[in-house]
Q: 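I have a structure here, written as structure tokens, and I will follow up with some questions on it.
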Amino acid sequence: MDTRFLGIPELTELAEVPSVAVVVDVMRAYTVAAWAFGRGADKIVLAGSLDEALALKSRHPDWVALKDGAPAPGFDAVNSPGMLRSADLTGRTVVQKTTAGTVGALAVRDARLVLCAGFVVAEATARLLRGHGADAVTFVVTGEDGRADEDLACAQYIAHRAAGSAPDPAGFLRRAADSRAAAELTEGVREGSHPDDVPLCLELDRFPFAMTATREDALMVLRACAVPAD
């Protein structure tokens with residue numbers, strides 16, 4: 001399997017759209033998305049802007065809108081797994097807008113297969129890639145313009161597992177735990193955080209599903225996808 005690891009700005013320099021893309025945001029977009037599905041959400045609409053998220057919420061008052069940072073008028077929740085894990089989202093549609101994760105997914109919306117991932121769905125994501133038989137995979141390292149070590153560590157771990165190797169996950173998780181994002185969350189630098197956010201983001205394979213993003217009408221929609229055992 002040919003793999004490459006790119007930041008969001010580098011995607012604009014590609015000569016063609018990747019065939020298979022895995023968008024990684026460990027802290028916290030795709031940990032939050034996985035928890036939303038774990039709490040019963042039916043689908044997640046990835047919004048391109050805060051205004052779009054609010055417009056979708058206005059048209060669909062029963063949808064649950066969430067964003068990065070502190071609580072804000074019009075939004076029901078913030079991008080925190082620690083805060084979301086007790087929510088009842090059974091059958092609900094979630095609208096998610098984050099600083100990097102949703103941006104990365106929308107940047108590769110034309111790929112034939114788009115997966116969104118964090119450590120919490122790492123093995124299911126790798127298993128889906130193995131089953132897909134992809135020859136080439138582009139991993140989108142969303143944080144810090146591709147330099148976020150928590151996202152790169154997760155992407156590299158998934159790439160190893162997708163290729164059939166079995167690396168010790170401890171080193172990859174340690175890199176994520178020592179990352180700038182983890183420090184900012186732990187120290188309360190980022191608004192809208194919970195003390196348990198970092199440990200929740202580092203729960204390897206907490207959920208048994210992968211997450212696929214596809215175009216549905218004019219929207220990019222994320223859904224949980226059961227992945228059969230190898």
Side-chain angles (χ1 to χ4, degrees), residues 21-26 28-68 71-72 74-129 131-132 140 142 192 194 197 200-201 203 205-229:
V22 181
V23 186
V24 180
D25 190 324
V26 172
R28 296 165 284 173
Y30 295 128
T31 300
V32 166
W35 269 99
F37 288 125
R39 298 301 300 165
D42 176 56
K43 63 183 179 182
I44 298 174
V45 176
L46 304 178
S49 68
L50 294 176
D51 286 344
E52 180 186 356
L54 289 173
L56 288 166
K57 172 69 177 180
S58 178
R59 293 199 297 270
H60 306 277
D62 58 323
W63 288 11
V64 178
L66 65 86
K67 60 177 281 293
D68 275 338
F75 287 89
D76 305 290
V78 295
N79 193 49
S80 162
M83 295 183 186
L84 197 70
R85 62 182 166 176
S86 60
D88 181 3
L89 299 175
T90 304
R92 305 287 294 277
T93 293
V94 174
V95 180
Q96 185 179 33
K97 169 67 181 85
T98 70
T99 305
T102 57
V103 175
L106 291 169
V108 291
R109 69 177 76 191
D110 293 325
R112 182 162 45 87
L113 175 64
V114 179
L115 305 177
C116 297
F119 281 112
V120 291
V121 293
E123 182 58 31
T125 303
R127 194 161 64 243
L128 192 154
L129 289 170
H132 189 269
V140 182
T142 60
H194 185 280
D197 278 355
L200 290 172
C201 289
E203 279 192 315
D205 302 328
R206 174 67 176 77
F207 299 102
F209 50 78
M211 298 186 293
T212 60
T214 57
R215 285 177 178 267
E216 296 186 17
D217 298 322
L219 302 175
M220 193 70 167
V221 177
L222 190 63
R223 294 184 184 272
C225 175
V227 184

Q: Strictly by side chain to side chain donor-acceptor pair (under 3.5 Å), give each pair with a member in residues 209-224 just once, sequence neighbours left out.
A: D110-R215, E216-R223
Q: So, the side chain of R28 versus the backbone of D197: is there a donor-acceptor pair under 3.5 Å, distance only?
A: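 Judged by distance alone, no pair lies under 3.5 Å.
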Q: To the nearest 0.5 Å, what is the distance between OG1 on T31 and CD on E203?
A: 9.5 Å
Q: In sequence, state the C-alpha distance, the side-chain angles, and the governing distance for N79 and Q96, and then conclude on side-chain contact (heavy atoms from CB on, under 4.5 Å).
A: CA-CA 8 Å; N79 193 49; Q96 185 179 33; 3.2 Å; yes
Q: Under the criterion side-chain contact (heavy atoms from CB on, under 4.5 Å), I'd like the reasoning laid out for L129 against H132: C-alpha separation, chi angles, the key distance, then a yes or no.
A: CA-CA 5 Å; L129 289 170; H132 189 269; 5.5 Å; no
Q: Are any non-hydrogen side-chain atoms of V23 and T142 less than 4.5 angstrom apart?
A: yes
Q: Side-chain contact test, heavy atoms from C-beta onward, threshold under 4.5 Å: evaluate it for M211 versus V121 and give yes or no.
A: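 Sidechains of V121 and M211: in contact.
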Q: Could you tell me if T90 and D88 have a donor-acceptor pair between their side chains, going purely by distance under 3.5 Å?
A: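 Judged by distance alone, the side chains do pair up.
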Q: What is the distance from atom OG of S58 to atom CG of D51, rounded to the nearest 0.5 Å?
A: 12.0 Å
Q: Which is it for D68 and T98 under the side-chain hydrogen bond (donor to acceptor under 3.5 Å, both in side chains) test, yes or no, and what are the steps along the way?
A: CA-CA 5 Å; D68 275 338; T98 70; 4.5 Å; no
Q: Start with the C-alpha distance between K57 and V95, add both sets of side-chain angles, then the distance that settles side-chain contact (heavy atoms from CB on, under 4.5 Å), and finish with yes or no.
A: CA-CA 8 Å; K57 172 69 177 180; V95 180; 5.7 Å; no
Q: Could you pull out the closest heavy-atom pair between V64 and D76, with the gap in Å?
A: CA-OD2, 3.4 Å
Q: What pairs of donor and acceptor atoms, side-chain ones from residues 35-47 against any protein atom, are under 3.5 angstrom apart with sequence neighbours left out?
A:
residue, atom, partner, partner atom, Å
R39, NE, R85, O, 3.1
R39, NE, A87, O, 2.6
R39, NH2, A87, O, 3.3

Q: Compare all side-chain heavy atoms of V94 with those of V32 and state whether any distance is below 4.5 angstrom.
A: no
Q: Please report the C-alpha distance between L56 and T93 in whole Å, then the side-chain angles of each, then the deciding distance to 0.1 Å, and finally whether the side-chain contact (heavy atoms from CB on, under 4.5 Å) criterion is met.
A: CA-CA 11 Å; L56 288 166; T93 293; over 6 Å; no
Q: Considering non-hydrogen atoms only, spot the tightest contact between A210 and L128 and give its length.
A: CB-CD1, 3.9 Å
Q: With side chains defined as the heavy atoms from C-beta onward, is the minimum distance between H194 and P81 less than 4.5 Å?
A: no
Q: Is there a side-chain contact between V114 and M220 (heavy atoms, below 4.5 Å)?
A: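 Side chain of V114 against side chain of M220, heavy atoms only: contact under 4.5 Å found.
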Q: Quick one: closest heavy-atom pair of G74 and A65, and the distance?
A: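 Closest pair (atom of G74, atom of A65, distance): O-CB, 4.2 Å.
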Q: Under 3.5 Å, is there a donor-acceptor pair between the side chain of Y30 and the main chain of G101?
A: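 Flag set: sc Y30 to bb G101 pair under 3.5 Å.
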Q: Can you tell me how far the NZ atom of K97 sits from the CG atom of L106, to the nearest 0.5 Å?
A: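 Rounded to the nearest 0.5 Å, the NZ-CG separation comes out at 8.5 Å.
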Q: Please give me the minimum heavy-atom distance between V120 and C201, naming the atom from each residue.
A: CG1-O, 4.5 Å
